[in-house]
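Note that the structure is predicted; figures quoted are calculated from it, not measured. Along the sequence shown, the residues carry numbers beginning at 1.
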Amino acid sequence: MKFFTKTMTTVLVVFFASSFIVAQDAPKANWKIGGTVQAMASIAQTGADTSQTGFGLRRVRLKTYFNYDKVTAFVQLEGTTPKLLDARMTYKISDAVNIRVGRFIGAGVRAGGLTAHTVIDLVERPLSAQKWGTNTIGGDFRDYGAALFGKFGELNYNLTVHNGDGAKNIKASHQSQGKLLNATSAFSGMVFYKPKDIKGLETGGYYGIGNATFNDYAAYNAYVYWEPSPIRIKAELIGFTNKNGATDVSSLGYYLFGAYGFMDNWEALARFESFDKNTDVEKDGETLITIGARYALYPQKFSNSKITFAYVIHSEEGTEIDNNVFYVMFQTAF
């Protein structure tokens with residue numbers, strides 16, 4: 001109890017004292033609404049002699065952003081299957097120290113939620129990033145928690161304490177005695193480096209642990225992104241271990257991505273992926289080769305309005321069934 005009291009007192013003193021360190025002009029409130037629509041068509045090989053052609057909505061997002069002085073609030077909803085994605089508040093003490101609370105994307109793998117849905121390179125995220133999400137905090141890459149993040153020069157950091165399962169909204173109350181779980185918090189931390197002297201370079205790593213109450217896991221990554229327009233190159237290694245069963249199950253995957261922009265509107269895209277869902281078992285790996293192109297509708301004004309074409313060659317060890325997919329996705333963001 002004494003430790004908790006001292007910790008909270010220190011946080012509150014820093015929080016309020018920082019407001020008076022630097023004199024500022026009268027702050028202005030800013031508020032805006034935005035959204036995204038991603039409509040798609042696909043042709044998929046679903047078996048040796050079967051296929052599927054269909055149309056659908058990949059994402060329909062509505063978001064609102066509010067800023068006043070050092071406080072920022074952000075809420076985002078998904079409309080295809082109605083769901084609250086983000087609801088967070090951020091307090092900026094300085095470039096080096098920011099505090100964030102709510103439901104949000106914390107420290108994690110680079111190709112997961114840290115890559116915004118509007119700038120995913122192809123139609124879908126890399127398989128290893130998707131598997132990391134579903135086996136750790138959840139498929140939408142978000143959790144309830146608190147984060148401390150910022151940067152010191154060219155070095156950035158993010159330390160996130162969270163519930164460990166993005167579906168668990170824990171609300172302690174004096175009226176819920178005997179109902180609260182004796183749960184410890186999950187932890188995720190990452191550092192990444194963005195040197196000013198090397199245009200478009202970003203490299204970093206992450207480590208996270210869950211808890212025995214909701215989801216017991218350990219996860220890590222390492223990545224290098226280099227995007228000196230018109231060339232873009234990305235590589236990431238992602239690993240995680242599920243500790244919920246009688247024995248630990250470790251998974252490991254990676255991807256290599258390359259792109260080249262030509263003319264004003266077009267970009268050629270390619271990605272190679274490998275994922276092994278159990279490193280102790282043979283012949284359970286997957287390989288994906290994706291080739292595609294992106295056409296920007298209004299490259300000078302609305303960079304996130306685009307059409308993406310992608311063909312995925314999906315190979316699974318131990319089976320000869322084809323499950324390749326051709327996608328076309330239209331996106332507009334506002």
Donor-acceptor pair between Asp248 and Ser250 side chains, under 3.5 angstrom: no
Can you see which heavy atom on Asn278 is nearest to which on Asp276, and at what distance? O-OD1, 3.0 Å
For the residue pair Leu114 and Gly108, what are the closest heavy atoms and their distance? CD1-O, 3.6 Å
Set of ring-ring contact (aromatic ring centres under 6.0 Å, His included) partners for Tyr225, sequence neighbours left out: Tyr223
Hey, which of Asn221, Leu127, Leu252 is the one that makes side chain to side chain contact (heavy atoms under 4.5 Å, CB included) with Ile238? Asn221
Can you tell me how far the CZ atom of Phe214 sits from the CG atom of Asn163, to the nearest 0.5 Å? 6.0 Å
Enumerate the residue pairs fulfilling salt bridge (charged side-chain N to carboxylate O under 4.0 Å, His left out) with a member in residues 192-201, sequence neighbours excluded, ordered by first and then second residue. none
Which Ile, Leu, Val, Met, Phe, Trp or Tyr residues join Phe55 in one cluster when any pair of side-chain heavy atoms under 4.5 Å counts as a link? none
Criterion side chain to side chain contact (heavy atoms under 4.5 Å, CB included) against Phe257, the qualifying member of Arg232, Glu273, Glu236: Arg232
Would you call Leu122 and Tyr327 a side-chain contact if the rule is heavy atoms closer than 4.5 Å? no
Nearest 0.5 angstrom please: Gln38 CD to Thr332 OG1, how far? 10.5 Å
Less than 4.0 Å between a side-chain N and a carboxylate O, is that true for Asp86 and Lys63? no
Examine Val75 and Phe334 and state if one hydrophobic cluster contains both, with Ile, Leu, Val, Met, Phe, Trp and Tyr joined whenever side-chain heavy atoms are less than 4.5 Å apart. no
Once ring-ring contact (aromatic ring centres under 6.0 Å, His included) is applied, do any residues pair with Tyr206, and if so which ones, sequence neighbours excluded? Trp132
Could you tell me the separation between the CD atom of Gln76 and the CZ atom of Arg61, rounded to the nearest 0.5 Å? 4.5 Å
Testing Arg271, Arg110, Lys234, Arg294 one by one against Asp121 for a salt bridge (Lys or Arg N to Asp or Glu O under 4.0 Å), which residue passes? Lys234
Check: Glu124 and Val312 side chains under 4.5 Å, non-hydrogen atoms: no
Using every non-hydrogen atom in the two residues, find where Gly166 and Tyr144 come nearest and quote the distance to one decimal. O-CE1, 3.3 Å
State, with a plain yes or no, whether a side-chain heavy atom of His314 is found less than 4.5 Å away from one of Gln45. no
Separation of Lys306 NZ from Gln331 CD (nearest 0.5 Å): 5.0 Å
Salt bridge (Lys or Arg N to Asp or Glu O under 4.0 Å) filter on Arg103, not counting sequence neighbours, yields Asp140
Taking only residues two or more places apart in sequence, or in another chain, which ones meet Tyr157 in a ring-ring contact (aromatic ring centres under 6.0 Å, His included)? Phe152
4.5 Å side-chain heavy-atom contact, Val191 and Asn156: no
From Glu317 CD over to Asp284 CG, what is the distance, rounded to the nearest 0.5 angstrom? 7.0 Å
Are Leu77 and Leu84 packed together at the side-chain level, in the sense that at least one heavy-atom pair is separated by less than 4.5 angstrom? yes
d(Asn211 CG, Thr184 OG1) to nearest 0.5 Å is 4.5 Å
How far apart are the closest heavy atoms of Ala29 and Phe66, and which atoms are they? CB-CE1, 4.0 Å
Show the nearest heavy-atom pair for residues Val71 and Tyr91, with the distance to one decimal. CG2-CD1, 3.8 Å
